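Everything below concerns the one structure shown next.
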Amino acid sequence: MAADASWLDLLAAALGGGATVKGLDIAYQELRHRSDRKRTAKEFVDKHLDPLLKATDELVGKLRSLAETDFSDIHHANPNAANLSSSDFGSLVYLFGTFWTHVELLRRQGLSVAWGEDNRGKKLHQFLDCLESRRIRIIDRIAQRAVGEVTLGSHLGASEPMSFIQFVKAYESDESFRMWLRPLVAVLARMRHTRERQRLLQYWVVLHAFIDTLDREHIVTRARPGLPQKLTKESWRDLKYRVFGTYLKFVAEPEKYLGPPKRRP
């Protein structure tokens, strides 16, 4: 009987030891996969963040310059013309296209990468979600992606936006190219209207916070002051409670972009 008990004890110890080893192996593999995912995410963000920040910075600079004069330089843009009306209007359309091209490249090439595993990637994802939300986006998501795709160009293996000269030539010579850009052009040609200007200003504030948050030292972007005086009370409220209160709670010092609370006259 004692011999039987001893044999059972040995068997139990062997089985227990095997289970422990198997458990440790599973835990090790999981830690290794998690480490690999984080490394892959970091490499992906490292590759795509700088070009996206530079494109955003150019767009932020152009929008700020136009906003200082309430977009008066593009008030007379004709959305139905076969040309881009003026250099200010043409460059603004192009810079939006360039920015959305980098967003589209990020989306395409990130399908197999869990870039939220990287802290910067997680914040980047939240910024893009905010920019594409119903109350912040300036055109429909699909229309935005189409603008990004046509600005990328159709040549095989294209991995960056076309040049400004290529963009203008395509716009003036290709009706289908103009068709895909029409939703954006139509919005930007309505800057005489306060409501449209405020919508664009809210979008600009999110872009501004994006470069300040993901390039805090402004290594590849420029530090710029906000334009809170250009925001209406309604825009201030939407940014305060919907954008910085819901989507972008991690943004430091949102007061830089909002200024003091807007009071009734």
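Quick note: residue numbers are just sequence positions, from 1. On a predicted model such as this, the values are computed, not experimentally measured, just so you know.
Checking side-chain atoms of Gln166 against main-chain N and O of Ser163 turns up a donor-acceptor pair under 3.5 Å. Although no hydrogens or angles enter the test, the distance criterion places a donor-acceptor pair under 3.5 Å between the side chain of Ser72 and the main chain of Thr69. Using a distance-only test at 3.5 Å, with no hydrogens or angles considered, a donor-acceptor pair links the side chain of Arg197 to the main chain of Met191. Side-chain atoms of Ser65 do not come within 3.5 Å of backbone N or O of Gly61 as any donor-acceptor pair. Using modelled atom types, no side-chain atom of His208 and backbone atom of Arg64 make a donor-acceptor pair closer than 3.5 Å. Side-chain N or O atoms of Thr56 include one that pairs as donor or acceptor with a backbone N or O of Leu52 at under 3.5 Å. In this structure, Trp180 contributes its side chain and Val150 its backbone to no donor-acceptor pair below 3.5 Å. A donor-acceptor contact shorter than 3.5 Å links the side chain of Gln198 to the backbone of Thr232. Checked by atom type and distance alone, the side chain of Thr98 never pairs as donor or acceptor with a backbone atom of Leu95 at under 3.5 Å. For the pair Asp215 (side chain) and Val220 (backbone), a donor-acceptor distance under 3.5 Å is present.
The pair Arg107-Glu132 meets the salt-bridge criterion, with a side-chain N (NZ, NE, NH1 or NH2) lying under 4.0 Å from an Asp/Glu carboxylate O. Taking 4.0 Å as the cut-off between side-chain N and carboxylate O, Glu234 and Arg195 do not count as a salt-bridged pair. For Arg108 and Glu104, the salt-bridge test passes: some basic side-chain N is under 4.0 Å from an acidic carboxylate O. Ion pairing between Asp174 and Lys169 fails under the 4.0 Å rule for side-chain N and carboxylate O. Contact check on Lys62 versus Asp88 returns a salt bridge, with a Lys/Arg side-chain nitrogen under 4.0 Å from an Asp/Glu carboxylate oxygen. Contact check on Asp212 versus Arg216 returns no salt bridge, with no Lys/Arg side-chain nitrogen under 4.0 Å from an Asp/Glu carboxylate oxygen.
Considering every non-hydrogen atom in both His102 and Pro51, the closest pair reads CE1-CB, 3.6 Å. Here the closest heavy-atom approach between residue Leu201 and residue Ala67 is recorded as CD2-CB, 3.7 Å. Taking each heavy atom of Glu175 and Arg182 in turn, the nearest pair found is OE2-NH2, 2.9 Å. Here the closest heavy-atom approach between residue Leu214 and residue Leu53 is recorded as O-CD1, 3.9 Å. The two residues Val251 and Ala209 come nearest to each other via the heavy atoms CG1-CB, 4.3 Å. Across every non-hydrogen atom of Gln126 and Leu248, the tightest pair is O-CD2, 4.0 Å.
Ring planes of Phe167 and Phe164: parallel class, angle under 30° (limits at 30 and 60°). Between Phe96 and Tyr203, the two ring planes are tilted [angle within 30° to 60°].
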Please test Thr221 against Val60 for side-chain contact (heavy atoms from CB on, under 4.5 Å), starting from the C-alpha separation and ending with a verdict. CA-CA 10 Å; Thr221 63; Val60 165; over 6 Å; no
Let's go through Glu58 and Phe99 carefully: what are the C-alpha distance in whole Å and the side-chain angles of both, what is the deciding distance for side-chain contact (heavy atoms from CB on, under 4.5 Å) to 0.1 Å, and is it a yes or a no? CA-CA 9 Å; Glu58 287 193 85; Phe99 170 67; over 6 Å; no
Apply the test side-chain contact (heavy atoms from CB on, under 4.5 Å) to residues Arg135 and Asp238: give CA-CA distance (whole Å), side-chain angles for both, the deciding distance (0.1 Å), then the verdict. CA-CA 9 Å; Arg135 298 291 293 271; Asp238 286 348; 3.9 Å; yes
Residues Asp46, Lys42; criterion salt bridge (Lys or Arg N to Asp or Glu O under 4.0 Å); working and verdict: CA-CA 6 Å; Asp46 286 343; Lys42 182 182 183 303; 3.0 Å; yes
Stepwise, does the side-chain contact (heavy atoms from CB on, under 4.5 Å) test hold for Ile136 with Arg199? CA-CA 7 Å; Ile136 297 298; Arg199 191 72 175 265; 5.9 Å; no
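For the pair Asp73 and Phe89, the minimum side-chain heavy-atom distance is 4.5 Å or more. A heavy-atom distance below 4.5 Å is found between the side chains of Val205 and Phe244. Annotation: side chain of Leu188 is in contact with side chain of Leu92 (closest heavy-atom distance under 4.5 Å). Contact annotation: the side chain of Lys230 approaches that of Asp70 to within less than 4.5 Å [non-hydrogen atoms, C-beta and beyond]. Within the 4.5 Å cutoff, side-chain heavy atoms of Trp236 are placed close to those of Pro261. Contact check for Leu152 versus Trp100: no side-chain heavy atoms found under the 4.5 Å cut-off. Counting only heavy atoms from C-beta outward, the side chains of Leu59 and Trp204 never approach each other to under 4.5 Å. Side-chain atoms of Phe210 and Lys123, non-hydrogen and from C-beta on, never get closer than 4.5 Å to each other.
To the nearest 0.5 Å, the span separating CG on Leu131 from OG on Ser133 amounts to 7.5 Å.
Taking the six-membered ring for Trp and the full ring otherwise, the centers of His75 and Phe71 sit at least 6.0 Å from each other. For Phe127 and Phe250, the ring centers sit closer than 6.0 Å to each other.
In the hydrophobic clustering of this structure, Ile165 does not group with Met162; members are Ile, Leu, Val, Met, Phe, Trp, Tyr whose side-chain heavy atoms approach within less than 4.5 Å, directly or through other members. The hydrophobic cluster containing Leu124 also contains Ile219, counting ILVMFWY residues as joined when their side-chain heavy atoms lie under 4.5 angstrom apart, directly or transitively. Transitive grouping of hydrophobic side chains (ILVMFWY, heavy atoms separated by less than 4.5 Å) keeps Val187 and Ile142 in distinct clusters.
The number of heavy atoms from other shown groups lying within 6.0 Å of CD (Glu217) does not exceed 12.
His218 and Asp57 share no donor-acceptor pair across their side chains, judged by distance under 3.5 Å alone.
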